[in-house]
Amino acid sequence: MIDTSRLRLRPWTEADVPEFTRVTNTPAVMEYLGGVQVPETFLAGFHRVSTSQAENGFCFWIVERLDDHALLGCCGFKIANIGPVIGEIEIGWRLRADAWGQGYGQEAAQACLAWAWQNLSCPRVVAITATENRKSRRLMEKLGMQRLPELDFAHPDLPPESPIRLHVTYGIARPPA
């Protein structure tokens, strides 16, 4: 669907679920996403992304390394369903820990943003993450996203004492034509 020099971003198949679960359902990867989940959570996630792809033409696509076809994680879009950006196009990513620090997240997210500007009519793309998630925040900034502090929020699905309850919001405007 989207190829870069090193990556392919593509829709999911149900066969991807076990490998995606194996490589991303780890304490390190899930640190800011609510912790390690039961495997059934990932099957439900597959159904959500498949529905998004069918209804919207986008989802958090599988990120696959071209040279060995290794499943590295996901990157793409959803329609935001939480916080003050509900209804906007939200970019997100999740990569396996051994793929961190190699530029894959930035490469995948840049390709996604280029796709969005060519295929969607949204005036901006937003991203949210836990306030403490410095790695995702750094990637948002590398993508040219700006912090939108007026849109920061407390995640309503997390208890008040959760260290990941507070979330920050970033956004990037559509480039001029």
Side-chain angles (χ1 to χ4, degrees), residues 1-4 6-66 68-83 85-100 104-122 124-130 133 135-136 139-140 143 145 155-158 164 167 169-172:
M1 170 152 195
I2 300 171
D3 284 350
T4 71
R6 301 183 296 165
L7 305 173
R8 171 163 292 140
L9 283 75
R10 62 168 176 78
W12 288 64
T13 68
E14 194 163 348
D16 293 318
V17 176
E19 180 67 359
F20 184 83
T21 304
R22 185 183 75 77
V23 300
T24 67
N25 195 26
T26 66
V29 174
M30 298 299 290
E31 180 179 7
Y32 300 107
L33 299 169
V36 173
Q37 305 291 311
V38 297
E40 293 77 20
T41 302
F42 287 82
L43 186 57
F46 161 72
H47 293 297
R48 281 192 307 277
V49 295
S50 296
T51 298
S52 178
Q53 182 66 40
E55 292 178 356
N56 305 313
F58 57 78
C59 66
F60 287 166
W61 295 300
I62 288 291
V63 175
E64 188 177 84
R65 192 168 40 219
L66 286 173
D68 62 1
H69 305 288
L71 192 155
L72 301 181
C74 66
C75 183
F77 305 102
K78 72 176 188 173
I79 297 174
N81 60 356
I82 200 156
V85 293
I86 290 174
E88 294 196 49
I89 302 297
E90 177 187 341
I91 190 170
W93 46 81
R94 182 185 312 178
L95 296 181
R96 60 195 281 173
D98 64 354
W100 295 352
Y104 293 129
Q106 185 174 355
E107 186 174 329
Q110 285 174 324
C112 285
L113 285 172
W115 182 92
W117 305 139
Q118 290 177 346
N119 294 282
L120 303 175
S121 61
C122 56
R124 72 176 176 187
V125 170
V126 298
I128 63 172
T129 191
N133 189 345
K135 290 178 184 173
S136 275
L139 177 51
M140 291 170 192
L143 295 170
M145 301 186 94
H155 198 298
D157 295 340
L158 296 171
I164 61 171
H167 277 57
T169 304
Y170 283 71
I172 186 167

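Note that the structure is a prediction, hence the values are computed from the model and not measured.
- Residues Val125 and Trp117 are in side-chain contact: their nearest non-hydrogen atoms beyond the backbone lie under 4.5 Å apart.
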Which donor-acceptor pairs under 3.5 Å do the side chains of residues 93-100 make with protein atoms, sequence neighbours left out?
residue, atom, partner, partner atom, Å
Trp93, NE1, Ser136, OG, 3.1
Arg96, NE, Asp98, OD1, 2.7
Arg96, NH1, Leu71, O, 2.9
Arg96, NH2, Asp98, OD2, 3.3
Trp100, NE1, Leu95, O, 2.9
Trp100, NE1, Arg96, O, 3.3

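- Taking Thr4 as the reference, Leu7, Glu107, Ala111 meet the side chain to side chain contact (heavy atoms under 4.5 Å, CB included) condition, with sequence neighbours excluded.
- Legend: residues meeting salt bridge (charged side-chain N to carboxylate O under 4.0 Å, His left out) with Arg65, ordered by chain and number and at least two apart, are Asp67, Asp68.
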Might you work through the side chain to side chain contact (heavy atoms under 4.5 Å, CB included) test for Arg6 and Tyr104, ending with a clear yes or no? CA-CA 8 Å; Arg6 301 183 296 165; Tyr104 293 129; 3.4 Å; yes
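- Put simply, the side chain of Leu9 does not reach to within 4.5 Å of the side chain of Ile62, judged on heavy atoms.
- Residues meeting the salt bridge (charged side-chain N to carboxylate O under 4.0 Å, His left out) test with Asp157, sequence neighbours left out: none.
- Scanning for side chain to side chain contact (heavy atoms under 4.5 Å, CB included) contacts around Ile79 gives Asn56, Phe58, Ile89, with sequence neighbours left out.
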Working for side chain to side chain contact (heavy atoms under 4.5 Å, CB included), residues Ile128 and Tyr170: CA-CA 6 Å; Ile128 63 172; Tyr170 283 71; over 6 Å; no
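- Residues satisfying the salt bridge (charged side-chain N to carboxylate O under 4.0 Å, His left out) criterion with Glu90, sequence neighbours excluded, are absent altogether.
- Once rounded to the nearest 0.5 Å, the distance linking CZ of Phe46 with SG of Cys59 reads 9.5 Å.
- In this structure, Phe77 and Trp61 have side chains that are in contact, with non-hydrogen atoms separated by less than 4.5 Å.
- Among residue pairs with one or both ends in residues 53-64, those qualifying as salt bridge (Lys or Arg N to Asp or Glu O under 4.0 Å) are Arg10-Glu64; sequence neighbours excluded.
- The shortest distance between side-chain heavy atoms of Ile172 and Arg124 does not fall below 4.5 Å.
- Listed by chain and number, the residues in a side chain to side chain contact (heavy atoms under 4.5 Å, CB included) with Thr13 are Ala15, Asp16 (sequence neighbours excluded).
- For His155, the ring pair (Phe, Tyr, Trp, His ring centres under 6.0 Å) partners are His167, not counting sequence neighbours.
- Phe60 places none of its side-chain heavy atoms less than 4.5 Å from the side chain of Cys75.
- Applying the side chain to side chain contact (heavy atoms under 4.5 Å, CB included) criterion to Asn81, with sequence neighbours excluded, gives Lys78.
- Among residues at least two apart or in separate chains, there is no side-chain hydrogen bond (donor to acceptor under 3.5 Å, both in side chains) pair with a member in residues 24-43.
- Looking at heavy atoms from C-beta onward, Ile91 lies out of side-chain contact with Met140 at the 4.5 angstrom threshold.
- Applying the salt bridge (Lys or Arg N to Asp or Glu O under 4.0 Å) test to pairs two or more places apart or on separate chains, none has a residue in residues 44-53.
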